[in-house]
Amino acid sequence: CITFSSNEIHLYAVKNMIVIVEGCDKAGKTTLAQTLAARVDLIYYHATISVETNLFEKYVDIIRSINRPTIADRFYPSELVYGPLIRGHSRLSISQFRNLNKMIQIQGGCFIYCFANRSIITDRFTSEKENYLPISLIPETLRNYKRIIAVARENLPVFTYNSGLSQNASSLRIEELVSLLQKKIAT
């Protein structure tokens, strides 16, 4: 369990907010994160596949090193979703996930869960000829994300973005998210 001194809590002020954009591959995370980073003046961080075995320490170090409002395009929650599907186990426990969420909470951060329905995700994989995630695993991936997002809601605000909506509806939702993030940074 991670504990925080009052000095650390002061250090992790909202000015160091981390917005975590998560969701199934092809749900529109990168497009959304890059758009929000540009519109709200956030540092853009894209997590890549990690070979480390102690992911908890890695993510604690990353979170502690953030010194400006940042948007993370895929971050530690992905390990709890994809680890069991790809390796048969996650390199993060639910307890570690909750502790990382507490760090994000102290920094005034939040999650944005980016999603689309299964048929849209499948169509995107097919049209872009992507094969790193078997299409047969999409339903389980979506279920795993719903489970992990439910746990995240215990400590953090979780906003949603449905990338399968019409262009007008998507644009309106992006404007809402921009406004919300600008207000969070200003406080």
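F115 and L165 sit in two unconnected hydrophobic clusters of ILVMFWY residues. Membership requires side-chain heavy atoms under 4.5 Å apart, directly or through other members. Side-chain heavy atoms closer than 4.5 Å link hydrophobic residues (I, L, V, M, F, W, Y) into clusters, and following such links, even through other members, never connects I71 to I43. Cluster annotation: L32 and Y44 are assigned to the same hydrophobic cluster (Ile/Leu/Val/Met/Phe/Trp/Tyr, side-chain heavy-atom contacts under 4.5 Å, transitive). V40 and L172 end up in different hydrophobic clusters when Ile, Leu, Val, Met, Phe, Trp and Tyr side chains are linked at under 4.5 Å. Note on I121 and L85: same hydrophobic cluster, where clusters join Ile, Leu, Val, Met, Phe, Trp and Tyr whose side-chain heavy atoms are under 4.5 Å apart, directly or indirectly.
Of the N and O atoms on the side chains of S179 and R39, not one donor lies less than 3.5 Å from an acceptor on the other residue. Counting only N and O atoms by type, the side chains of E57 and N54 include a donor and acceptor under 3.5 Å apart.
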Under the criterion side-chain hydrogen bond (donor to acceptor under 3.5 Å, both in side chains), I'd like the reasoning laid out for Y76 against N101: C-alpha separation, chi angles, the key distance, then a yes or no. CA-CA 10 Å; Y76 60 88; N101 289 348; 2.5 Å; yes
Let me see the working for L142 and K146 under side chain to side chain contact (heavy atoms under 4.5 Å, CB included), right down to the final yes or no. CA-CA 6 Å; L142 295 171; K146 285 183 181 177; 5.6 Å; no
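Across S78 and Y145, no two heavy atoms sit closer than the pair OG-OH, 3.2 Å. Counting all heavy atoms, side chain and backbone alike, C110 lies closest to L181 at SG-CD2, 4.1 Å. When all heavy atoms of E79 and R91 are compared, the pair lying nearest together is OE2-N, 2.7 Å. The nearest pair of heavy atoms linking H46 to D73 is CD2-OD2, 2.9 Å. Of all heavy-atom pairs spanning I120 and G164, the tightest one is CD1-CA, 3.7 Å. Closest approach of L80 and L92 over heavy atoms only: CD2-O, 3.3 Å.
Remark: aromatic rings of F159 and Y161 are distant, center separation not under 6.0 Å. Ring-centre distance between Y59 and F75: below the 6.0 Å cut-off.
At a threshold of 4.5 Å between non-hydrogen side-chain atoms, the residues I174 and T35 count as touching. A heavy-atom distance below 4.5 Å is found between the side chains of D25 and R74. When side chains are defined from C-beta on, T160 does not count as touching I112, because their heavy atoms never get closer than 4.5 Å. Side chains of K29 and I20 form no contact here, defined as non-hydrogen atoms less than 4.5 Å apart. Within the 4.5 Å cutoff, side-chain heavy atoms of M17 are placed close to those of I185. When side chains are defined from C-beta on, S90 does not count as touching F97, because their heavy atoms never get closer than 4.5 Å. Counting heavy atoms from C-beta on, the side chains of T70 and V19 never come closer than 4.5 Å.
Here M103 contributes atom CE and N16 contributes atom CG; the two are 11.0 Å apart, rounded to the nearest 0.5 Å. Taking CD of Q182 as the reference point, atom CG of L42 lies at 9.0 Å (rounded to 0.5 Å). Remark: C24 SG to Y82 OH distance equals 4.0 Å, nearest 0.5 Å. Summarising the geometry, atom OG belonging to S171 is positioned 11.0 Å from atom CD belonging to E176; distances are rounded to the nearest 0.5 Å. Distance check, rounded to the nearest 0.5 Å: CG of N99 to CD1 of I104 gives 12.0 Å.
Here S119 pairs with N117 under the side chain to side chain donor-acceptor pair (under 3.5 Å) rule; sequence neighbours left out. Every residue two or more places apart in sequence or in another chain that forms a side chain to side chain contact (heavy atoms under 4.5 Å, CB included) with T122 is listed here: R118, T126, I135, I138.
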Could you list the donor-acceptor pairs under 3.5 angstrom formed by side chains in residues 148-157, with sequence neighbours left out?
from: E154; atom 1: OE1; to: R98; atom 2: NE; distance (Å): 2.7
from: E154; atom 1: OE1; to: R98; atom 2: NH2; distance (Å): 3.3
from: E154; atom 1: OE2; to: R98; atom 2: NH2; distance (Å): 3.0

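Classification of E128 and K26 as a salt-bridged pair holds, one side-chain N sitting under 4.0 Å from a carboxylate O. Using a cutoff of 4.0 Å between basic side-chain nitrogens and carboxylate oxygens, R68 and D41 are scored as salt-bridged.
Here the side chain of S163 pairs a donor or acceptor atom with the backbone of A27 at under 3.5 angstrom. Proximity of a side-chain donor or acceptor of S65 to a complementary backbone N or O of I62 within less than 3.5 Å is detected. No donor-acceptor pair under 3.5 Å is formed between the side chain of Q96 and the backbone N or O of F56.
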